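Reading through the structure tokens given below for one structure.
For clarity, every value in this text was computed on a predicted model and none was experimentally measured. We count ligands from 1, going down the list as the structure has it; atoms in each ligand are counted the same way.
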Amino acid sequence: MANNVSKIVDDVIQSRRSIRAFRPDPVSQDAIQQILEVASRAVSAGNMQPWRVYVLTGASLKRVVDAVCQAFDTEPEKHTSEYEYLPKKNFEPYLSRRRKIGLAMYSLLGIERGDAERMRLQHRRNFEFFGASVGLIFTMDRKLPAACFMDQGAFWQNIMIAAKARGLDTCMQTIWSDYCRIVTRELNLGEDEMMLGGMAMGYADQDAPINTLLPERVPVSEFATFVQK
Ligand SMILES: Cc1cc2nc3c(=O)[nH]c(=O)nc-3n(C[C@H](O)[C@H](O)[C@H](O)COP(=O)(O)O)c2cc1C
């Protein structure tokens, strides 16, 4: 029994990938509700559960997507995240890891180095939730300490795993936070709500080459130290 359970859990965790092309098929409200209920079992310091999530589908999704895409097309220089999610000046070993995934992605999409317009359009796909029928927007009370980001991460991962277990795929997207002002306006967020990012959720387009991306991981021996004494 224990072996079966660990195999199932390991399979779900290991088969989760960030999916960047979805079919438009709707996801049932019931499935979204269940996923969020399961995900809310995530750990959080002091059980504070500092997450809030806005579920966008249909008309609300279109409204937010249209508003952000318009800003992206016309005034991208006016928008930025209120927190730093990637280092301003990257460094090793993170720089190489990031480069590798970027190159692999552009190669699968057939985008050549220096093709700025196709890169821009691919970047824009983020703000269409890659065509997913569900868009999630995450916020957190800005009065909370930065350590609450750890709780958010646990919550996000639970959503992705619970979704995967139900045949749904996801892509976590902090890039949405670049357009936090537009999202804040469209969702009428409170003054204290810091917009952290978005997540696409839906049915993967199995024919899209981008979805064959399989990012490597460094081996355990590279990131773990077994302290003997
Ligand atoms: C906090 C966070 C933010 C991310 N933001 C984006 C994003 O804005 N756009 C995107 O396409 N992928 C984004 N990703 C997905 C990562 O690129 C992806 O997890 C990583 O390349 C490993 O690939 P995998 O998820 O398929 O294993 C994000 C992931 C995390 C955890």
Side-chain angles (χ1 to χ4, degrees), residues 10-22 39 42 50-51 53 56 64-65 68-69 71-72 76 79-88 90 93-109 111 118-132 134-140 146-165 168-180 182-183 194-206 208-220 222-223:
D10 291 358
D11 280 354
V12 176
I13 292 174
Q14 290 177 324
S15 62
R16 184 215 56 80
R17 306 263 151 72
S18 292
I19 287 300
R20 297 184 178 87
F22 291 84
W51 42 78
V53 58
L56 309 180
V64 174
V65 163
V68 171
C69 283
F72 179 79
H79 297 273
T80 185
S81 175
E82 50 173 309
Y83 68 94
E84 201 175 301
Y85 57 81
L86 288 170
K88 276 202 185 81
N90 211 343
Y94 314 108
L95 180 63
S96 301
R97 291 178 192 165
R98 179 146 192 253
R99 267 202 190 130
K100 198 166 186 179
I101 182 87
L103 288 174
M105 210 182 287
Y106 286 128
S107 156
L108 281 171
L109 290 163
I111 300 177
R118 284 202 61 202
M119 282 178 173
R120 190 190 78 84
L121 289 175
Q122 181 56 28
H123 189 156
R124 192 182 192 273
R125 289 291 289 154
N126 272 282
F127 304 115
E128 296 167 347
F129 288 110
F130 300 113
V134 182
L136 303 178
I137 295 288
F138 299 95
T139 72
M140 180 175 102
C148 288
F149 273 56
M150 293 189 247
D151 308 340
Q152 293 282 342
F155 179 57
W156 301 343
Q157 177 74 1
N158 270 3
I159 292 178
M160 293 187 275
I161 298 305
K164 188 74 206 170
L168 291 163
D169 281 286
T170 52
C171 185
M172 183 64 222
Q173 303 172 273
T174 33
I175 208 165
W176 273 92
S177 66
D178 285 344
Y179 289 84
C180 53
I182 307 283
V183 177
M194 173 162 54
M195 197 250 170
L196 300 178
M199 185 189 290
M201 183 193 286
Y203 295 99
D205 176 352
Q206 306 292 356
I210 185 68
N211 288 342
T212 62
L213 185 68
L214 178 50
E216 292 171 3
R217 294 298 195 263
V218 297
V220 173
E222 235 178 88
F223 66 79

request  = If the plane angle is over 60° it's perpendicular, under 30° parallel, otherwise tilted; pick one for Trp156 and Phe138.
outcome  = tilted
Expected output: side-chain [X] to main-chain [Y] donor-acceptor under 3.5 Å:
{"X": "Arg118", "Y": "Leu109", "value": "yes"}
{"X": "Trp176", "Y": "Leu136", "value": "no"}
{"X": "Asp169", "Y": "Lys164", "value": "no"}
{"X": "Gln152", "Y": "Pro50", "value": "yes"}
{"X": "Asn90", "Y": "Pro87", "value": "no"}
{"X": "Tyr179", "Y": "His79", "value": "no"}

task = Would you kindly specify which portion of Pro215 sits under 4.0 Å from ligand 1, judged on non-hydrogen atoms: side chain, backbone, both or neither?
result =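 The answer is the side chain of Pro215.
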Shortest protein contact, [atom] (heavy atom only):
{"atom": "atom 7 (C) of ligand 1", "value": "Gln173 CA, 3.5 Å"}
{"atom": "atom 18 (C) of ligand 1", "value": "Ser18 OG, 3.5 Å"}
{"atom": "atom 31 (C) of ligand 1", "value": "Met172 CG, 4.2 Å"}
{"atom": "atom 16 (C) of ligand 1", "value": "Arg20 NH2, 3.7 Å"}
{"atom": "atom 27 (O) of ligand 1", "value": "Arg217 NH2, 2.7 Å"}

With heavy-atom distances below 4.0 Å as the criterion, list the atoms of ligand 1 near [X].
{"X": "Cys171", "answer": "10 (C), 11 (O), 12 (N)"}
{"X": "Ile175", "answer": "8 (O)"}
{"X": "Asn126", "answer": "7 (C), 8 (O), 9 (N), 10 (C), 11 (O)"}
{"X": "Thr174", "answer": "1 (C), 3 (C), 4 (C), 5 (N), 6 (C), 7 (C), 8 (O)"}
{"X": "Arg17", "answer": "26 (O)"}

message = Looking at ligand 1, would Phe130 count as a contact under a 4.0 Å heavy-atom criterion?
response = yes
task = Indicate yes or no: at least one non-hydrogen side-chain atom of Phe72 is less than 4.5 angstrom from one of Asp178.
result =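 Side chain of Phe72 against side chain of Asp178, heavy atoms only: no contact under 4.5 Å found.
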